[in-house]
J.: 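Next up is a structure, given as structure tokens.
Being a predicted model, the structure only gives us computed values, none of them experimental. Just so it is clear, the values below take in all heavy atoms, side chains as well, and ignore hydrogens, waters and symmetry mates.
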Amino acid sequence: AGFSDPARVMAALEGTAGSAPRPAPEVPPLDEEGHVAYVRRIAEDRESLEYVLTEYMRMSGVYWGVASVAILGRDVREVFDAATLVPWVLRCQHADSGGFGGAETQDAHLLYTLSALQTLAVFGELDRCDTAAAANYVASLQNRDDGSFRGDEWGEVDTRFSYCALAALAILGRLDLVDTRAAARFVRRCRNFDGGYGAVPGAESHAGQIFCCVAALAIAGDLRDAVDRDLLGWWLAERQCDGGGLNGRPEKQADVCYSWWILSSMRILGCDHWIDTDALRGFILRCQDPDGGIADRPGNMADVFHTFFGVGGLSLLDTGRDLAGGGPPDHQNGRPHRLPDSWRHIDPVYALPVDLVRSLNLTATLFDRAQHNLLFEEQRVHAAGGPPPPPSSSGGAHAEELQDDGSTVAPERDAEGT
């Protein structure tokens, strides 16, 4: 009866009906062993309905699981049955085209070809597949008229495939087989007024597509001219929600997977310090499932997709503090945020351990780290009651050498700084 008053209804919905403000949710500790056990458990499960329904994308699921364990610093050969898993990956390569399918019974596709190559690289077995055939398959999917890439023989075009193609060819050491300039021009055409990128020219900006476009441009060496770092960085920073997580588009809920899509993009742009990293770290940790693995949101069921991107996000957050100048560990609820030394840092472009990226001689062009910080400037202006600051100049880009700790070192420059 008391809720007949609209004001009381709204107050109750907002959690302010005669009560104190809600305390910040407690952040649980990182459950490393639980995540490793979860990935091992689902890898061995052949009887569940989920296993059957996801056959078409199993190759990517294998990559997410293997890469998660690798980033967690575990020996993938001890966690997985390499004697069974690696031959399975090899059997998914089509003899006629050279591409890999999502499973042995599935057609070859660019998405699963990259996942297969990444998985084999983590196991150190890349040379066991027909690398020449795989490279020719990827190259055959480029549309020579506009530089875009088809996902498979049926012709769908998407900027996801631009990234997959360039990343796969970089891993294979055969970027020379495609027109990288044309590929970069197509990605440029997908840029929108807000600085973001869509799946095709004119499509809505989306954080997942932005990663694919920014990373593709980084591999192609065209990041400087194609990206407005401050404008895009602003759009990405605006994706942080009240709970600390990131969403993929305006007015959407936060999702752990964007801890990777957005944070890796911002690392490439040199502006990952423009968001509240402590809040994001807390959001990821709250999405941990009590039975192991990481879910999309707190309280939901874990899956291997979000487990990988949650682990990847935590790795990027750890190296991000190093890039900011180190200093004492940040603390929340009395727990240090520093990850265990056993972790392997993840590369923001290739989504593989940094030490593996170095051993494969993979390169990419990254922006210098921004000296200004829109997060703190916005907070300062907001506190003063003024409007948010406009984006400023973008800053430069350069090819960087990736270090074992996930940081980067710029190549030597001449006296004029070029």
J.: Establish, from distance only, whether the side-chain atoms of Q142 and S148 form a donor-acceptor pair under 3.5 Å.
T.: no
J.: Using distance alone, with no hydrogens and no angle criterion, decide if D255 and H306 have a side-chain donor and acceptor under 3.5 Å apart.
T.: yes
J.: In terms of side-chain geometry, is the basic nitrogen of D347 or R358 positioned less than 4.0 Å from the acidic oxygen of its partner?
T.: no
J.: Show, in sequence, the C-alpha distance, side-chain angles and deciding distance for R77 and E125, and conclude whether the salt bridge (Lys or Arg N to Asp or Glu O under 4.0 Å) test is met.
T.: CA-CA 12 Å; R77 292 184 174 275; E125 303 280 8; 2.6 Å; yes
J.: Kindly confirm or rule out a cation-pi arrangement of R297 over F283, judged by NZ or CZ under 6.0 Å from the six-membered ring centre and within 45° of its axis?
T.: no
J.: Can a salt bridge be assigned to the pair D222 and R224 using a cut-off of 4.0 Å between side-chain N and carboxylate O?
T.: no
J.: Can you measure from CG (D81) to CD (E44) and round to the nearest 0.5 angstrom?
T.: 9.0 Å
J.: Run the salt-bridge test on D272 and R369 with the 4.0 Å N-O cut-off and return the result as yes or no.
T.: yes
J.: So that I can tick it off, tell me whether R144 and D179 are bridged by a salt bridge, with the cut-off set at under 4.0 angstrom between side-chain N and carboxylate O.
T.: no
J.: Indicate yes or no: at least one non-hydrogen side-chain atom of F80 is less than 4.5 angstrom from one of V62.
T.: no
J.: At what distance, to the nearest 0.5 angstrom, does CE of M301 lie from CD of E50?
T.: 7.5 Å
J.: Is there a side-chain contact between H109 and F161 (heavy atoms, below 4.5 Å)?
T.: yes
J.: Quick one: do R74 and E33 make a salt bridge, cutoff under 4.0 Å?
T.: yes
J.: Going by distance alone, is a donor N or O of one side chain under 3.5 Å from an acceptor N or O of the other, for D158 and Q209?
T.: yes
J.: Quick check: do W260 and F308 have side-chain heavy atoms less than 4.5 Å from each other?
T.: no
J.: The criterion is side-chain contact (heavy atoms from CB on, under 4.5 Å); which residues satisfy it with V138, sequence neighbours excluded?
T.: L110, T113, A165, A168, L169
J.: Find the distance between CG (L111) and SG (C164) and round it off to the nearest 0.5 Å.
T.: 4.5 Å
J.: Taking all atoms of both residues into account, what is the closest heavy-atom pair of C129 and L117, and its distance?
T.: SG-CD2, 4.1 Å
J.: Under 4.0 Å between a side-chain nitrogen and a carboxylate oxygen: does that hold for E156 and R150?
T.: no
J.: Under 3.5 Å, is there a donor-acceptor pair linking the side chains of D318 and S315?
T.: no
